[in-house]
Amino acid sequence: MAIIAAILVGLVALEHLYILVLEMFLWTTPRAMKSFGMTKEVAQTTKSLAANQGLYNGFLAAGLVWGLVHPDATIGRSIEIFFLVCVLIAAAFGGATAKKSILLVQGLPALVTLVFVVLA
């Protein structure tokens, strides 16, 4: 169970690293515009806001990786739980205010991972 939990934490971290890249570096590309349902004009106007948002996703990923590599497994687990709860809160807020699919794309993986981490 601990191995599955660690793999899932790694996958959630990778997801947030991908979001960082999408929001910080690829915001005005067709891929990002399609993912976020924006026009070129909206993407250009919101580019700096998206970069800031991407940075926060990077912090979430960094925290999850920190939990995975922490030399004290008990502290690492607590760090993972904290950052997974942060992801869940961000997903709930994003789902309520921006796009409902955020609940499924970011919230569901974090919730499943949190269950595995807590049970491991």
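Values below: all heavy atoms of this structure, side chains included; hydrogens, waters and symmetry mates excluded.
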Only one of [options] passes side chain to side chain contact (heavy atoms under 4.5 Å, CB included) with [X]; say which it is.
X: Trp27; options: Leu22, Leu49, Thr46; value: Thr46
X: Glu15; options: Ile19, Leu17, Leu11; value: Ile19
X: Thr28; options: Met38, Met33, Lys47; value: Lys47

How long is the straight-line distance from [atom2] of [Y] back to [atom1] of [X], given to the nearest 0.5 Å?
X: Leu60; Y: Phe82; atom1: CG; atom2: CZ; result: 9.0 Å
X: Ile7; Y: Leu14; atom1: CD1; atom2: CG; result: 12.0 Å
X: Leu8; Y: Leu114; atom1: CG; atom2: CG; result: 11.0 Å

For a quick test of reading the model, state the closest non-hydrogen atom pair linking [X] to [Y] and the distance between them.
X: Ala61; Y: Ala13; value: CB-O, 3.4 Å
X: Thr113; Y: Ala5; value: CG2-O, 4.4 Å
X: His16; Y: Val87; value: NE2-CG1, 3.5 Å
X: Glu23; Y: Phe36; value: OE2-CZ, 3.8 Å

Under 4.5 Å between side-chain heavy atoms, counting indirect links through other Ile/Leu/Val/Met/Phe/Trp/Tyr residues: same cluster for [X] and [Y] or not?
X: Leu104; Y: Val12; answer: no
X: Leu88; Y: Ile102; answer: no
X: Leu84; Y: Trp66; answer: yes
X: Val85; Y: Leu119; answer: no
X: Tyr18; Y: Leu103; answer: no

Determine whether a donor-acceptor pair (N or O, by modelled atom type, separation under 3.5 Å) exists between the side chain of Asn57 and the backbone of Gln53.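 Checked: pair present.
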
Residue pairs meeting side chain to side chain donor-acceptor pair (under 3.5 Å), one or both in residues 67-96, sequence neighbours left out, come to none

task: Show your working on side chain to side chain contact (heavy atoms under 4.5 Å, CB included) between Leu20 and Phe25 and close with a plain yes or no.
output: CA-CA 8 Å; Leu20 172 146; Phe25 306 110; 3.9 Å; yes

The criterion is side chain to side chain donor-acceptor pair (under 3.5 Å); which residues satisfy it with Gln106, sequence neighbours excluded?
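Partners of Gln106 under the side chain to side chain donor-acceptor pair (under 3.5 Å) test: none.
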
